[in-house]
Amino acid sequence: DACAIIAWRIVDTEIRNTGGGAAGSNVAMSLSPYRGLVLGCYIDGVRGRGIYDNFGVAATIAFTVIRNCGLDGIKFDGNYGPEILNCTINNCTGDGIEANVGNLRKTSIYNCTISNNGGYGINLVDGDIARNDRIIRGRWDYNNIYNNTSGARNNFSPGDHDTALDPTFTDASGENY
């Protein structure tokens, strides 16, 4: 009853209630080592991570809703992180986004709503605030990071246009974001 999609391009795909076994045992989407694209997808109720990019090849994740994951909404590590654009990550047990990337120069997080997660909104595991701020300045911005248990962010400063407002989803339980 596990589901893992490993592909170069995933468009308009819905994944629900997958990943049998203990929490964290599976991932809904594992990105390919060939600069993958995740566009307009819906991930709900997976036991593990919503999306995992362990190749670090600067994938693009856009216009995607990730909710109710057993671990992080998105986790990436490797050489380069992805572009994450216009996504909603809500109510995951772990971090909304966990980044384990030595080189953040290709990583962008823009215009995302990251809310109600059990860890940080965005957890940048590597480096320190001064180093990370120099690298990501201007490329992690316009995000609304709200009501995450451990805090909005770890190891970097907010973007100039970031907010922390209740997203007041129309009907989150009814899947209307």
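Owing to the predicted nature of the structure, the values given are computational and were not obtained by experimental measurement. Hydrogens, waters and symmetry mates play no part in the numbers below; they use all other heavy atoms, side chains included. Each residue takes its place number in the sequence, starting with 1.
Counting heavy atoms from C-beta outward, L39 and F63 have side chains that approach closer than 4.5 Å. Y177 places none of its side-chain heavy atoms less than 4.5 Å from the side chain of T113. Contact annotation: the side chain of C92 approaches that of I66 to within less than 4.5 Å [non-hydrogen atoms, C-beta and beyond].
Remark: D133 pairs with I129, R137, F156, S157 by the side chain to side chain contact (heavy atoms under 4.5 Å, CB included) rule, at least two apart or across chains. Under the side chain to side chain contact (heavy atoms under 4.5 Å, CB included) criterion, N176 pairs with T170, D171, sequence neighbours left out. Considering only residues two or more places apart in sequence or on other chains, Y142 meets the ring-ring contact (aromatic ring centres under 6.0 Å, His included) condition with H161. Y52 is linked by a side-chain hydrogen bond (donor to acceptor under 3.5 Å, both in side chains) to D77, counting only residues two or more places apart in sequence or in another chain. Partners of R16 by salt bridge (charged side-chain N to carboxylate O under 4.0 Å, His left out), not counting sequence neighbours, listed by chain and number: E14, D44, E175. By the ring-ring contact (aromatic ring centres under 6.0 Å, His included) test, Y42 pairs with no residue at all, sequence neighbours left out. With sequence neighbours excluded, the residues satisfying side chain to side chain contact (heavy atoms under 4.5 Å, CB included) with A152 are I145. For T163, the side chain to side chain contact (heavy atoms under 4.5 Å, CB included) partners are N144, L165, not counting sequence neighbours. The ring-ring contact (aromatic ring centres under 6.0 Å, His included) test applied to Y110 returns no partner, not counting sequence neighbours.
Of all heavy-atom pairs between N132 and D126, the closest is ND2-O, 3.0 Å.
Residues I136 and I97 share a single hydrophobic cluster, defined by chaining ILVMFWY side chains whose heavy atoms lie under 4.5 Å apart. No path of Ile, Leu, Val, Met, Phe, Trp and Tyr side chains, each step under 4.5 Å between heavy atoms, connects I122 with Y146, placing them in separate hydrophobic clusters.
Not one N or O on the side chain of S108 forms a donor-acceptor pair closer than 3.5 Å with the backbone of W140. In this structure, T64 contributes its side chain and T88 its backbone to no donor-acceptor pair below 3.5 Å. Panel note: side chain N117, backbone S115; a donor-acceptor pair is recorded below 3.5 Å. Proximity of a side-chain donor or acceptor of D72 to a complementary backbone N or O of E98 within less than 3.5 Å is not detected. Not one N or O on the side chain of N154 forms a donor-acceptor pair closer than 3.5 Å with the backbone of Y120.
The salt bridge (Lys or Arg N to Asp or Glu O under 4.0 Å) contacts involving residues 88-97 comprise nothing, where partners must be two or more places apart or lie in separate chains. Among residues at least two apart or in separate chains, salt bridge (Lys or Arg N to Asp or Glu O under 4.0 Å) pairs with a member in residues 153-166 are R153-D162. Screening residues 112-123 for salt bridge (Lys or Arg N to Asp or Glu O under 4.0 Å), with sequence neighbours left out, gives no hits.
Separating the CG atom in L124 from the OG1 atom in T107 is a distance of 8.5 Å, to the nearest 0.5 Å. Separating the CG atom in D128 from the CG atom in N155 is a distance of 7.0 Å, to the nearest 0.5 Å. For the atom pair CZ of R47 and CG of L71, the computed distance is 11.0 Å after rounding to the nearest 0.5 Å. Distance check: N148 CG to N90 CG gives 9.0 Å after rounding to the nearest 0.5 Å. For the atom pair D53 CG and I74 CD1, the distance stands at 10.0 Å (nearest 0.5 Å). Here the straight-line distance linking atom CD1 of I51 with atom CD1 of I43 works out to 4.0 Å at 0.5 Å rounding.
Donor-acceptor pairing under 3.5 Å is lacking for the side chains of N116 and N91.
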- Test side-chain contact (heavy atoms from CB on, under 4.5 Å) on N111 and L85 and set out the steps. CA-CA 6 Å; N111 203 36; L85 312 168; over 6 Å; no
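Among the candidates I61, T13, I15, the single residue satisfying the side-chain contact (heavy atoms from CB on, under 4.5 Å) test with C41 is T13.
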